[in-house]
Number of protein chains: 4
Amino acid sequence: MPKNIKSRNPKPRTSGQLGSLADPADQPLPVLPRFGPGGNALAVDANKKKANLHRLRRIEGQIRGVHDMVQQDRYCADILIQIAAVQKSLSGVARQLLANHVKHCVAHGIRVGGAQADAACDELLKLISHLDH
Amino acid sequence: MPKNIKSRNPKPRTSGQLGSLADPADQPLPVLPRFGPGGNALAVDANKKKANLHRLRRIEGQIRGVHDMVQQDRYCADILIQIAAVQKSLSGVARQLLANHVKHCVAHGIRVGGAQADAACDELLKLISHLDH
Amino acid sequence: MPKNIKSRNPKPRTSGQLGSLADPADQPLPVLPRFGPGGNALAVDANKKKANLHRLRRIEGQIRGVHDMVQQDRYCADILIQIAAVQKSLSGVARQLLANHVKHCVAHGIRVGGAQADAACDELLKLISHLDH
Amino acid sequence: MPKNIKSRNPKPRTSGQLGSLADPADQPLPVLPRFGPGGNALAVDANKKKANLHRLRRIEGQIRGVHDMVQQDRYCADILIQIAAVQKSLSGVARQLLANHVKHCVAHGIRVGGAQADAACDELLKLISHLDH
């Protein structure tokens, strides 16, 4: 595992992944995007990412649909049924991301141990208490 | 209150909204869109409607933001915090719509009484069990 | 429906809201407890009451079981599965009470109208936002 | 850490807790109850255990109070407020147990790695989706 995986820079260095294309004189070391808050995920399954992007596009459309229903003064219960459907879809995306987070990011923190393990567990428990299920 | 406001026709009366196409002798009053499932809300507060439309546009933008974060493989916990924020915003809209539903539509059904009161209560209880709070 | 059903006195008047109608010498009639906060439910289905009492006794036993598991340092996940079961049972009781509340107490307030209708709706919406579902 | 702490036998080894009855020559060390489903927690903080036991006794009393309120046909909304309070207390106990579970049992499974890490994460995610928060 690259040694900079633990770094927590305040801004993502987007040039990092294009290091090999940049002038080596200007940018001597290819910088991997850092892992952690404000940075990147440790590991992402391509199929699950694709499925989540698809679901989020669909949720965006559902929200537009709810907006139109409110605009048209549609029956409240019909709008609320749509909102409940959006909440369910959104919880599905959250559940998948949480699974990825536990299996990769939290597991990584725990394996590193010490303060990083504590931070990973505390962050997870805070997330759980904030999310609808 | 127009007398047809209580009707719960299975299909929307589109002719109501197209009053100008009907024979004015036969149909002297423009017919309001019917109230109930598949139809319209009984009463909508203009300010609350405006606030909800604004919140839904904002939520739509938040969902696009979550989509971008997933696209960029951003740190899972950061994405989940955003999703929790969307869930909270959406619950806020739902809570406002539910308040309107209880105070107008459910109350109307209860005042009508009989099967309509039962239907209004049952629908409400089903909604409550489906929505995140 | 008795006229005192709408009263919302801070303390139950056990001495008899029907006192003036009863013979003071005999005072033979049991006095109906008042309806509302700090008082009694408007209507209770005997079978549902019996079922709820049974479920609550069972939940009490489940809580004692969870206490014993914690006492014995049992595996956390096993304890949490039991707690999730208790939460589900308790939500079942709450759902039944909420149905009764909507169909009787809230409906009564709405039929009375005015400030009492508003209070019944506001109280209901507050309850919904407090309860787990 | 004793070597049997990782074992996940389908049934608790009751003989482990009855070490004094075994032949001391054959079984020199009293065997700790095993860790995992059907067994014991990996680590328990004495103060948190004491606090949880106290909270569970209090919840048991609250449930008895709810039982009495139902028995006395008390006002539904008053009962529901008590149930919401019980739900909150119970979620507090669950949150503490979940924190302990993540920091000790899940972390242990992740450190062991392989199938045990996967099982620990899957079990955690299932727990999260079952619990009210």
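Note that the coordinates shown come from a computational prediction; the quantities given were computed from them, not determined experimentally. Below, read A as the first sequence line, B as the second, and so on, with proteins coming before strands; counting in each chain starts at 1.
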Please flag which part of [X] lies under 4.5 Å from any non-hydrogen atom of chain B: side chain, backbone, both or neither.
{"X": "A/I79", "result": "side chain"}
{"X": "A/L127", "result": "side chain"}
{"X": "A/V44", "result": "side chain"}

Heavy-atom contact with chain A under 4.5 Å, split by part of [X]:
{"X": "B/V70", "result": "both"}
{"X": "B/D78", "result": "side chain"}
{"X": "B/L80", "result": "both"}
{"X": "B/R57", "result": "both"}
{"X": "B/L124", "result": "neither"}

Quick one: [atom1] on [X] to [atom2] on [Y], what's the gap to the nearest 0.5 Å?
{"X": "B/L97", "Y": "A/I83", "atom1": "CG", "atom2": "CD1", "answer": "5.0 Å"}
{"X": "A/R95", "Y": "A/L90", "atom1": "CZ", "atom2": "CG", "answer": "11.0 Å"}
{"X": "B/E123", "Y": "A/I81", "atom1": "CD", "atom2": "CD1", "answer": "6.5 Å"}

Identify which of [options] forms the greatest number of heavy-atom pairs closer than 4.5 Å to chain B.
{"options": "A/D132, A/V66, A/I63", "result": "A/D132"}
{"options": "A/K126, A/H130, A/E60", "result": "A/E60"}
{"options": "A/C105, A/A85, A/C76, A/A43", "result": "A/C76"}
{"options": "A/A77, A/S91, A/A84", "result": "A/A77"}

| request: Heavy-atom pairs under 4.5 Å with chain A are the metric here; pick the option from B/Q72, B/H67, B/H101 that has the most. | output: B/H67
| query | Most heavy-atom pairs under 4.5 angstrom with chain A, which of B/R64, B/Q62, B/Q87? | reply |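 Going by pairs under 4.5 Å, I would pick B/Q87.
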| task | Output yes when a side-chain donor or acceptor of A/N40 lies under 3.5 Å from a complementary backbone atom of B/D73, and no otherwise. | result |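 Such a contact is found between A/N40 side chain and B/D73 backbone.
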| query | Within residues 46-54 of chain B, which positions have a heavy-atom distance to chain A below 4.5 Å? | reply | B/K49, B/N52, B/L53
